[in-house]
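What follows is a short report on a single structure.
In what follows, residues are counted from 1 in the order of the sequence shown.
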Amino acid sequence: MTIYTVFVEPKTSGNIGFLARCMKNFGLKELILIKPCELKDDAYYQAMHAKELVENAQIYETIDEFIEDKQITQTIATTGTPGGSYNIPRIPITASQMGEKINPENQNIALLFGREGDGLSNEELEKCDTLVTIPTSEEYPIMNITHAASIIFYEIYKNTQKTYPIDDMDIADYEDKQVLNQTIDEITQKLDYPDYKQKQVNILAKRIIGRAFITGRELRTMRGLLNRINKRIENKQEE
């Protein structure tokens, strides 16, 4: 299937060109722009030999619109400001860990890069299955978007050029993951969690499923288990 590089609300068209150039270095071809600035000449100039990626870039108004349209099965966000163990929306894995697990042959993957300077909001991060960060010096931890993108593209490239026994695995699709997340949401609603705690549990479950790159068979087994738990809770509440 496809890996989509998604630039959310880019502020300068030159950075769009630089990103396209990085993409072509590592064989990526699908550029998505969410509510971008005006594309000026510098976007094509900075792209160098990747001008066609800028010319063929697809534009969407929102991340949700893009995810639904392309039936994305794995959404990976990048952040330069990860949280600790108690900040669930910002618990990340490293780029190398992501590269070792990713398998684009059987799914549609979105790599989300945020605004220059501001990055992605907490609300946008909560939409994602996996959060990725790049370890950097504490003296200057925030990277330019194209530098960060190059590292992530490299980790994906070096790990997807090998032949793995998992190539033919039945990776869970977008709709199956949505159903599983809805079932988890139904269960947490029945457990009398406070609203903030319910939201955290649902985000945590979504992230665990995302990091596992769960197969279709694994997901269906998990969904069967959760459906039985959900039904058992309903029966108990009716007694």
Side-chain angles (χ1 to χ4, degrees), residues 1-4 6 63-64 66-79 82-113 120-133 152 155-156 159-160 164-191 193 195-233:
M1 293 190 180
T2 308
I3 296 179
Y4 296 93
V6 184
I63 295 173
D64 288 338
F66 155 71
I67 289 175
E68 183 176 355
D69 184 48
K70 298 299 184 182
Q71 290 292 284
I72 300 300
T73 56
Q74 183 75 18
T75 307
I76 300 172
T78 57
T79 180
S85 298
Y86 293 97
N87 188 351
I88 288 175
R90 286 186 178 269
I91 297 176
I93 61 175
T94 65
S96 60
Q97 290 171 326
M98 175 215 61
E100 291 170 358
K101 293 183 178 181
I102 203 166
N103 180 25
E105 293 298 325
N106 298 302
Q107 54 183 328
N108 289 330
I109 296 173
L111 302 174
L112 265 62
F113 297 92
L120 296 167
S121 68
N122 277 338
E123 182 180 355
E124 289 164 341
L125 292 176
E126 289 169 8
K127 299 177 187 294
C128 300
D129 299 303
T130 306
L131 197 61
V132 175
T133 192
I152 289 171
E155 291 293 345
I156 293 173
N159 284 283
T160 54
Y164 289 98
I166 62 171
D167 284 347
D168 296 325
M169 287 177 67
D170 172 28
I171 299 297
D173 63 23
Y174 172 80
E175 292 181 358
D176 282 339
K177 285 186 177 182
Q178 289 294 96
V179 172
L180 185 61
N181 288 327
Q182 288 169 8
T183 303
I184 292 171
D185 183 50
E186 290 176 11
I187 291 173
T188 55
Q189 287 180 29
K190 294 183 175 76
L191 295 179
Y193 275 126
D195 288 344
Y196 79 94
K197 178 67 74 172
Q198 180 180 323
K199 183 177 181 179
Q200 286 188 338
V201 170
N202 290 340
I203 293 172
L204 183 61
K206 180 183 177 72
R207 292 280 167 76
I208 290 172
I209 293 167
R211 285 200 296 265
F213 289 83
I214 192 168
T215 66
R217 183 180 179 86
E218 289 171 332
L219 186 142
R220 288 188 289 273
T221 301
M222 180 66 70
R223 190 171 64 193
L225 171 64
L226 292 176
N227 282 336
R228 294 191 69 172
I229 292 173
N230 196 18
K231 190 66 176 177
R232 185 68 61 87
I233 294 172

So, the side chain of [X] versus the backbone of [Y]: is there a donor-acceptor pair under 3.5 Å, distance only?
X	Y	result
Arg220	Thr215	no
Asn230	Leu226	no
Asn108	Lys70	yes

For the [atom1] atom of [X] and the [atom2] atom of [Y], what is their distance to the nearest 0.5 Å?
X	Y	atom1	atom2	answer
Lys206	Gln178	NZ	CD	6.0 Å
Leu131	Thr94	CG	OG1	11.5 Å
Lys177	Gln107	NZ	CD	6.0 Å
Asn181	Ile203	CG	CD1	11.0 Å
Leu219	Leu180	CG	CG	4.5 Å
Asp195	Lys197	CG	NZ	12.5 Å

So, do [X] and [Y] sit near enough that their side-chain heavy atoms are less than 4.5 Å apart?
X	Y	value
Lys199	Thr188	no
Thr75	Ile63	no
Ile209	Ile184	yes
Thr160	Ile3	no
Thr183	Asn227	yes
Leu191	Ile233	yes

Atom CD of Glu68 with >12 non-hydrogen neighbours under 6.0 angstrom: no
If you count heavy atoms of other groups shown closer than 6.0 angstrom to CD of Glu123, is the number above 12? no
Is a donor from one side chain sitting under 3.5 angstrom from an acceptor on the other, for Asp185 and Gln189? yes
Check against side-chain contact (heavy atoms from CB on, under 4.5 Å), Gln97 and Glu155: CA-CA 9 Å; Gln97 290 171 326; Glu155 291 293 345; over 6 Å; no
Kindly determine whether Val132 and Leu111 satisfy side-chain contact (heavy atoms from CB on, under 4.5 Å), including the steps that lead there. CA-CA 10 Å; Val132 175; Leu111 302 174; over 6 Å; no
Applying side chain to side chain donor-acceptor pair (under 3.5 Å), can you list everything that pairs with Asp69, at least two apart in sequence or on another chain? Tyr60
Under the side-chain contact (heavy atoms from CB on, under 4.5 Å) criterion, do Ile152 and Ile76 qualify, and how do the steps go? CA-CA 11 Å; Ile152 289 171; Ile76 300 172; over 6 Å; no
Could you tell me which non-hydrogen atom of Gly99 sits nearest to which non-hydrogen atom of Asn159, and how far apart they are? O-CB, 2.9 Å
